[in-house]
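Keep in mind that what you see is a predicted model, and the values were worked out from it rather than measured. Any value given below was found using the heavy atoms of this structure, including those in side chains, with hydrogens, waters and symmetry copies removed.
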Amino acid sequence: MSNIKLLLGQRIRELRKSKGLTQERLAELVGIGPANISYIETGKFAPSIENFEKIAQALGVQPVELYVFEPLKSPKEIKSELFEAFENNEDLLRLVYKFYLSVK
């Protein structure tokens, strides 16, 4: 079994659960059978390109986000890490502030 298929399936399951969706509901949104969602989530099948796009849309994410396999830190963890980094590095604080100004 392909490691990428397994990781992709785990990511889809993680996102599906975080959105409060059942496999059945995700299958309805995508237009495939619930068994196919199960096979995708367990890494047995890889979704077609069309279904890949539909899955991303149903989960409310950009397709590339389905390939973010490392769990993201919570906002609280991110804030804590950034505040600690800023205390120790004023140049980093200025750089992040410039970036913030450019995207706000």
Side-chain angles (χ1 to χ4, degrees):
M1 179 180 330
S2 166
N3 193 38
I4 294 293
K5 285 194 305 189
L6 184 59
L7 290 170
L8 176 61
Q10 290 171 346
R11 178 68 174 147
I12 289 170
R13 179 184 302 120
E14 172 189 316
L15 289 168
R16 176 182 59 77
K17 288 184 175 186
S18 76
K19 304 290 181 179
L21 297 173
T22 63
Q23 286 183 341
E24 292 77 14
R25 180 64 183 138
L26 180 57
E28 287 174 19
L29 294 169
V30 174
I32 61 177
N36 289 333
I37 294 295
S38 176
Y39 292 146
I40 290 168
E41 288 185 353
T42 58
K44 292 178 184 172
F45 291 165
S48 67
I49 295 297
E50 294 81 13
N51 288 337
F52 181 84
E53 290 177 324
K54 290 177 184 177
I55 289 169
Q57 184 177 17
L59 295 173
V61 299
Q62 294 295 316
V64 70
E65 292 178 69
L66 294 178
Y67 284 102
V68 177
F69 300 138
E70 294 296 317
L72 298 177
K73 295 180 180 183
S74 72
K76 186 176 181 176
E77 291 173 311
I78 293 169
K79 286 178 189 176
S80 176
E81 188 174 328
L82 284 174
F83 287 146
E84 184 178 326
F86 294 154
E87 285 180 12
N88 299 322
N89 189 334
E90 288 182 3
D91 290 335
L92 176 62
L93 176 62
R94 286 185 185 95
L95 177 64
V96 170
Y97 184 68
K98 286 178 185 178
F99 174 76
Y100 164 74
L101 291 174
S102 72
V103 296
K104 81 172 192 171

Only counting residues at least two apart or in another chain, list the ones meeting side chain to side chain donor-acceptor pair (under 3.5 Å) with Glu81.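 Partners of Glu81 under the side chain to side chain donor-acceptor pair (under 3.5 Å) test: Lys73.
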Show every salt bridge (Lys or Arg N to Asp or Glu O under 4.0 Å) that has at least one partner inside residues 46-55, sequence neighbours left out.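 Sorted result for residues 46-55: empty, none.
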If you look only at pairs with a residue in residues 20-29, which of them pass as a salt bridge (Lys or Arg N to Asp or Glu O under 4.0 Å), with sequence neighbours excluded?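 Passing the test, one end in residues 20-29: Arg25-Glu28.
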Please round to the nearest 0.5 Å and tell me the distance separating atom CG of Leu21 and atom CD1 of Ile37.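 That separation rounds to 10.0 Å.
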Min side-chain heavy-atom separation [X]-[Y] under 4.5 Å:
| X | Y | answer |
| --- | --- | --- |
| Pro34 | Thr22 | no |
| Asn36 | Asn51 | no |
| Leu26 | Ile12 | yes |

Using the side chain to side chain contact (heavy atoms under 4.5 Å, CB included) criterion, which residues pair with Gln10? Sequence neighbours excluded.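 In terms of side chain to side chain contact (heavy atoms under 4.5 Å, CB included), with neighbours along the sequence ignored, Gln10 is linked to Leu6, Leu7, Arg13.
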Tell me every residue that passes side chain to side chain contact (heavy atoms under 4.5 Å, CB included) with Val61, counting only those two or more places apart in sequence or in another chain.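 Leu15, Ala56, Leu59, Glu65, Leu66.
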Give every donor-acceptor pair under 3.5 Å between a side-chain atom in residues 85-104 and any protein atom, sequence neighbours left out.
{"residue": "Asn88", "atom": "ND2", "partner": "Glu84", "partner atom": "O", "Å": "3.1"}
{"residue": "Asn89", "atom": "OD1", "partner": "Asp91", "partner atom": "N", "Å": "3.1"}
{"residue": "Asn89", "atom": "OD1", "partner": "Leu92", "partner atom": "N", "Å": "2.9"}
{"residue": "Ser102", "atom": "OG", "partner": "Phe99", "partner atom": "O", "Å": "2.7"}

Look only at the side chain of Arg11 and the backbone of Phe69, and say whether a donor-acceptor pair between them is shorter than 3.5 Å.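 No, because the side chain of Arg11 does not come within donor-acceptor range (under 3.5 Å) of the backbone of Phe69.
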Among pairs that include at least one residue of residues 10-62, which meet ring pair (Phe, Tyr, Trp, His ring centres under 6.0 Å), considering only residues two or more places apart or in two chains?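 Of all non-adjacent pairs touching residues 10-62, those that pass ring pair (Phe, Tyr, Trp, His ring centres under 6.0 Å) are Tyr39-Phe45, Phe52-Tyr67.
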Can you name the residues that form a ring pair (Phe, Tyr, Trp, His ring centres under 6.0 Å) with Phe83, not counting sequence neighbours?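 Testing Phe83 for ring pair (Phe, Tyr, Trp, His ring centres under 6.0 Å), a comparison that skips the adjacent residues, returns none.
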